Amino acid sequence: MADMPDLLVQTLWDGFVAGMLYALIALGFVLIFKASGVFNFAQGIMVVFAALTLVGLHEYGLNVWLALLLTLGVMLALAVTVERVVLRPLVNQPDIILFMATIGLTYALVGLGEFIFGGNPKVMITEELYLPKGSIELQMFGGFVSFQKLDIAAAVIACVMIVLLSAFFQYTRIGRALRAVADSHKAALSVGISLEQIWVIVWFTAGVVALITGIMWGARSDVSFALQIIALKALPVLILGGFTSVPGAIVGGLIIGIGEKVGEFYWGPLVGKGIEAWLAYMIALAFLLFRPQGLFGEKIIERI
Amino acid sequence: MFYREAGQFKTSYVADQAIFPIRQDRIGVALILFVAFTLPLMASEFVIGSVMIPFLVFALAAIGLNILTGYTGLISLGTGAFMGVGAYACYKLTTIFPDVPIVFHILSAGVFSAAVGAIFGLPSLRIKGFYLAVATLAAQFFLQWCFVRIPWLYNDNASGAIEVPTRTLFGIAVTGANATPTVRYYVILAIVVAMTWVASNLVHGRIGRQWMAVRDMDIAAELIGIKLLQTKLLAFAVSSFYCGVAGAVMMFLWYGGGEAADAFNINQSFNILFMVIIGGLGSLVGSFFGAAFISSFPTVLKFGLPLIGIHLGSATVEHLTHFSIGALIIAFLIVEPHGLARLWQIGKQKLRVWPFPY
């Protein structure tokens, strides 16, 4: 009995880790949506792009910390460019136009990333970043469960990120400005908050979140544009949690992560494998029928 | 000079409400149709087979998405999947009823697609905007999974691919290996012309007005007595019908079988969304412009760059295509959110007052 793996706990753990990472991507979405009302479809690509830049720069022979610093610089440049080229000319346009612009941005980033670093999958530089390797095995009720150290690190980093971001939103000057902008662009402008600055900051923050997510996802699998599929996984997390809620992103991430792993493991074989691809969306859809604004989303009041 | 409206009087309401009230426009449309139907006499089979046929297929799909997104204001990212439903439905129909003409199957495949589209349109009553866009992604992934995992859909083939059988219409091979591009082109052209005509009548009539009212403000539309559920579901059904027919045509008259599940993935959905954006939301002629632009863009880049002396690897060209399409989308949204159709309109307006601009 003791040498059998405890499948339920193992599945739950896998789901928890995946959920935390989904939550991190969703967090990037929420940040941007909160501060500018833009539904940033490109967040997933930013994850891939950031990870690819880091690995690519390291491949060119740069020291890993220098590469990390440069990648942050690239994300900042990206934030400034997006603000200048996309957001500023499109200010006051309907939301759907901005959403489509971010789809355009997605394609542009895919093309640019492949153009610079090539389309081949790359291995994430796990060791150089001092990420732990190997696994711990623990005796549980029904058998042993193996925890990848990397997954533990990922979960810890995700938790730290979430706490940091919440504190940033809650207690700093910039955080207050971000919340003001989220409430009303006009009111924020009239008390002297620079929209352009806020947008750059928020896109840069989303870029940093994307970089960390990219490192974590990249360490679990290779860094390639196939990773963009995980970005699409973060969308049901978002609609589950609501577009404007940081706790919603986390709870949604956990529900989706655990739900789809358990679903795949226990029901997947019944209908043929691979239901992971759509189970998350179906869970989210089912929730939406009861709460159209998501679990923690704000109720939208419409006027004529 | 070219557009002289003066002297063209309308003496009845029917004439006044005509879609092409100006004589020059009617002549133009007749001319375009004439060229389209005589093109095989002038162009090579390559042009017909790999430029015109894809263009027409994509135009049909773009009209479908435009009905939903452009006219009714419901964003859909599941176009590829609805096209897939059409292709697989058509495949099953031809294997079950081999004696029925293929065109009939193609059109009835659209009915299946419409039914599936209406089912996935059901949440649109409660959720809207981005939430709905993500909900349509559910359709995309679920249906794509069905195409791969349900062997019945592809007749339990070992390869998991659709094999297009040879089917004839009036004794001429329309599908399969023996069908010439010219024949396939004529069949597609006939379908596209007929369905564009139907779509034009739909969007200019009562139903189209309802769709546009829902797009502009759904609550206000409800208040003036438009039934939201029926209108939105009808938009989903009609849109999916067009996409389904486009998918069936694509598989049977263009691809001629093959790895169907791949052809209907999410990138296809985005591709068609791009056609609609660049062509112009809420414009039928824009669907054609967008389809022409996006479907020819990679080819132009591939053959155009060497002509001006730039030689790049095929992978690089592909990356460049990706990048330029993304950049173009952003540029179009900034400069001309109404797309190529609006540019066309501006051009016509200029011609109308030329040579005496205001």
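Since we're looking at a predicted model, the values are computed, not measured. These numbers come from the heavy atoms of this one structure, side chains and all, not from hydrogens, waters or symmetry mates.
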Report summary line: Under a 4.5 Å heavy-atom criterion, the part of residues 266-276 of chain B in contact with chain A comprises B:I266, B:N267, B:F270, B:L273, B:F274
Review item, side-chain donor-acceptor pairs of residues 277-290 of chain A, under 3.5 Å, at least two apart:
{"from": "A:Y281", "atom 1": "OH", "to": "A:L232", "atom 2": "O", "distance (Å)": "2.5"}

Requested in this report: Against chain A, label B:L137 side chain, backbone, both or neither, depending on which of its atoms sit under 4.5 Å from a heavy atom there.
Outcome: both
Query - Region of B:A135 that comes under 4.5 Å of a non-hydrogen atom in chain A - result: both
Report task. Heavy atoms only, distances under 4.5 angstrom: which of B:I334, B:T316, B:L320, B:V335 has the most pairs with chain A? Name it, please. Result -> B:I334
**Report entry** Proximal component of B:T69, with respect to chain A [non-hydrogen, under 4.5 Å]
**Finding:** side chain
Query raised in the report: Of the backbone (N, CA, C, O) and the side chain (C-beta and beyond), which part of B:I75 lies under 4.5 Å from a heavy atom of chain A, both, or neither?
Result: side chain
Query raised in the report: Among B:L281, B:I330, B:I329, B:T321, who wins on heavy-atom pairs under 4.5 Å with chain A?
Result: B:I330
Report summary line: Among residues 74-85 of chain A, residues within the sub-4.5 Å heavy-atom range of chain B, in order of number, are A:V85
**Report entry** Donor on one side chain, acceptor on other, A:E260 and A:Y22, under 3.5 Å
**Finding:** yes
Requested in this report: Would you mind telling me which of A:P89, A:A101, A:P236, A:A108 has the largest number of heavy-atom pairs within less than 4.5 Å of chain B?
Outcome: A:A108
Query raised in the report: Under a 4.5 Å heavy-atom cut-off, does chain A meet the side chain of B:L132, its backbone, both or neither?
Result: neither
Query raised in the report: Going by distance alone, is a donor N or O of one side chain under 3.5 Å from an acceptor N or O of the other, for B:N66 and B:S287?
Result: yes
Report task. Return the set of residues passing side chain to side chain contact (heavy atoms under 4.5 Å, CB included) with A:T213 (not counting sequence neighbours), or none when no residue passes. Result -> A:L24, A:I25, A:V47, A:V209, A:W217
